[in-house]
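This report concerns only the one structure given below.
Every chain is numbered from 1, with letters handed out A, B, ... down the list of sequences. As a basis for the values below, the full set of heavy atoms in this structure was taken, side chains included, without hydrogen atoms, waters or symmetry mates. Since the structure is predicted, the reported quantities are computational estimates derived from the model, not experimental observations.
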There are 2 protein chains.
Amino acid sequence: MQNLSKNQQIIFDLIDKSPEPLKAYSILFSVQKRGIKAPLQVYRALDKLVEIGKIHKIESRNAFIACQNSSCQISKATAFSICESCEKVTEINNSNLSKYLTCFKDKNGMKYNKYNLEFFGLCKKCVSKKS
Amino acid sequence: MQNLSKNQQIIFDLIDKSPEPLKAYSILFSVQKRGIKAPLQVYRALDKLVEIGKIHKIESRNAFIACQNSSCQISKATAFSICESCEKVTEINNSNLSKYLTCFKDKNGMKYNKYNLEFFGLCKKCVSKKS
DNA sequence: ATTAAATTGTTATAATATAACATTTTGTAA
DNA sequence: TTACAAAATGTTATATTATAACAATTTAAT
């Protein structure tokens, strides 16, 4: 596995340390003190980090999270749980699920090589708050 | 089920007739002749149509498609196949899959009430073109 | 008729993302 | 060790997607 470039490393470190998904412009704001001044610098690093599987994009939130599974692998099978109250996002690492979806074949005869799944609901904490 | 308002109906008809997912600003362009002039008018109709389950948002594409299943139900369990070559999007209606995902429970103890799944790959046509 | 909820109209602006072009750095093979 | 290609960077401008805020109108149920 290749090493990260300077900008990629700066941005990966930030995302990796964050307890919550980060948005591109919030990343931009955070790394301006480190010399990254333009949106495109952020987006290019994000694209690369996604491509090599170090981070994932949470599509429904336009935000990025560090990979929690095997941090160097290209990610073709991603699943997340998202709390609609506190917005906590967790990567799901469940071999039964990934096996089921990787092997899934629909009647349309399409050959899948990738999937992304997002579950929505209330996390434990938020469920108990509401009761 | 309630009737659609004027703007909602105009925009739903457009999406429903389209063979491919439509983006908000392309919708705006198409309906300007019918008196809808501002982005917000489009987004408000889209929000409502999504809420009542007449259309779905394809999150990875920021585009909207008419529901192919039971067009009046609130959609809490959506799955799509997306061809990465021709961008054709099809709603997957597979009871085994929806049953599996609706019942899925992860070890985090979170209570899911909704999911969205997007499969990516090559459709039949595009697979044969490449060979 | 009254009234609350939903919808519409409108202007402005926020948030997300890419185009285009020039330069520099990095890895690798002659 | 130089030369070369690929990757990464820097920069300005702009495209695309989405919402805020406020006023007016329509709809549907009393």
Side-chain angles (χ1 to χ4, degrees), chain A residues 1-15 18 20-65 72 74 82 84 87 89 116 118, chain B residues 1-15 18 20-65 72 74 82 84 87 89 116 118:
Chain A
M1 187 235 140
Q2 58 199 308
N3 286 325
L4 299 181
S5 74
K6 180 172 137 278
N7 288 1
Q8 289 159 15
Q9 190 69 58
I10 290 170
I11 287 170
F12 175 71
D13 287 344
L14 186 70
I15 295 172
S18 170
E20 63 202 356
L22 295 179
K23 303 192 143 223
Y25 276 71
S26 115
I27 292 169
L28 175 58
F29 180 80
S30 296
V31 299
Q32 274 175 332
K33 65 193 91 156
R34 305 206 52 187
I36 296 175
K37 292 173 195 158
L40 198 44
Q41 295 176 291
V42 173
Y43 280 105
R44 282 198 287 226
L46 290 173
D47 285 351
K48 189 69 185 184
L49 291 168
V50 167
E51 184 193 324
I52 64 180
K54 300 282 289 183
I55 65 173
H56 305 302
K57 182 173 187 181
I58 308 301
E59 293 286 354
S60 66
R61 300 296 186 262
N62 297 320
F64 299 86
I65 190 178
C72 301
I74 294 173
I82 302 171
E84 290 182 301
E87 290 293 323
V89 174
N116 180 55
E118 298 181 3
Chain B
M1 187 233 141
Q2 58 199 307
N3 287 324
L4 299 181
S5 74
K6 180 173 137 278
N7 289 0
Q8 289 160 14
Q9 190 70 57
I10 290 170
I11 288 171
F12 175 71
D13 287 344
L14 186 71
I15 296 172
S18 171
E20 64 202 356
L22 295 179
K23 304 192 142 221
Y25 276 71
S26 113
I27 292 169
L28 176 57
F29 180 80
S30 296
V31 299
Q32 274 175 334
K33 64 193 89 153
R34 305 207 50 188
I36 296 175
K37 292 174 196 158
L40 198 43
Q41 294 176 291
V42 173
Y43 280 105
R44 283 198 285 224
L46 290 173
D47 285 350
K48 189 67 186 187
L49 290 167
V50 166
E51 184 192 325
I52 65 178
K54 299 282 288 182
I55 66 173
H56 305 300
K57 182 173 187 180
I58 308 301
E59 292 286 355
S60 66
R61 299 298 186 262
N62 297 321
F64 299 86
I65 190 178
C72 303
I74 295 173
I82 302 171
E84 289 180 303
E87 291 293 324
V89 175
N116 179 56
E118 297 181 3

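For D:dT17, neither phosphate oxygen OP1 nor OP2 lies less than 4.0 angstrom from any side-chain nitrogen or oxygen of A:Asn62. For C:dT7, neither phosphate oxygen OP1 nor OP2 lies less than 4.0 angstrom from any side-chain nitrogen or oxygen of B:Asn7. Not one side-chain nitrogen or oxygen of B:Ser5 sits closer than 4.0 Å to the OP1 or OP2 atom of C:dA6. Taking 4.0 angstrom as the limit, A:Lys57 places none of its side-chain polar atoms (N or O) nearer than this to OP1 or OP2 of C:dT16. Using a 4.0 Å cut-off, no side-chain N or O of B:Lys23 falls inside it from OP1 or OP2 of C:dT16.
Rounded to whole Å, the distance from CG on A:Asp47 to P on D:dA7 is 14 Å. The distance from atom CG of A:Leu4 to atom P of C:dT26 is 14 Å, rounded to the nearest whole Å. Rounding to whole angstrom units, CD1 of residue A:Ile52 and P of D:dA7 are separated by 13 Å. One atom, CD1 of A:Ile27, and another, C1' of C:dT16, lie 12 Å apart when rounded to the nearest Å. Rounded to whole angstrom, the span from the CD atom of B:Gln9 across to the P atom of D:dT26 amounts to 19 Å. As a whole-Å value, the separation of A:Leu28 CG from D:dT11 P is 13 Å. Separating the NZ atom of A:Lys48 from the P atom of C:dA17 is a distance of 19 Å, rounded to the nearest angstrom. If you measure from atom CZ of A:Arg61 to atom C1' of C:dT16, you get 16 Å, rounded to the nearest angstrom.
To the nearest 0.5 angstrom, A:Ile82 atom CD1 is 5.0 Å from A:Arg61 atom CZ. In this structure, the separation between CD1 on B:Ile55 and CG on B:Asp47 is 8.5 Å, given to the nearest 0.5 Å. The structure places CD1 of A:Ile10 at 5.0 Å from NZ of A:Lys6, a figure rounded to the nearest 0.5 Å.
No donor-acceptor contact under 3.5 Å links the side chain of A:Tyr25 to the base of C:dA14.
Summarising the geometry of B:Ser60 relative to B:Glu118, their closest heavy-atom pair is OG-OE1, 2.7 Å, with the distance given to 0.1 Å. Of all heavy-atom pairs spanning B:Glu84 and B:Glu87, the tightest one is O-OE2, 3.9 Å.
Remark: B:Arg44 engages B:Leu40 in a side chain to side chain contact (heavy atoms under 4.5 Å, CB included) (not counting sequence neighbours). Considering only residues two or more places apart in sequence or on other chains, A:Asp13 meets the side chain to side chain contact (heavy atoms under 4.5 Å, CB included) condition with A:Gln9, A:Lys17. Partners of A:Ser18 according to the side chain to side chain contact (heavy atoms under 4.5 Å, CB included) rule, which considers only residues two or more places apart in sequence or in another chain, are A:Glu20, A:Leu22.
In the region residues 31-45 of chain A, proximity to DNA chain D at under 4.0 angstrom, judged on heavy atoms, holds for A:Lys37, A:Ala38, A:Leu40, A:Gln41, A:Arg44.
Terminal axes of the helix from C:dA1-D:dT30 to C:dA30-D:dT1 (five pairs each, C1' rotation axis) are separated by 40°, to the nearest 10°.
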Using residues 27-34 of chain A as the side-chain source, report each donor-acceptor pair under 3.5 Å to any protein atom, sequence neighbours left out, with the distance given to one decimal.
| unit_1 | atom_1 | unit_2 | atom_2 | d |
| --- | --- | --- | --- | --- |
| A:Ser30 | OG | A:Ser26 | O | 3.1 |

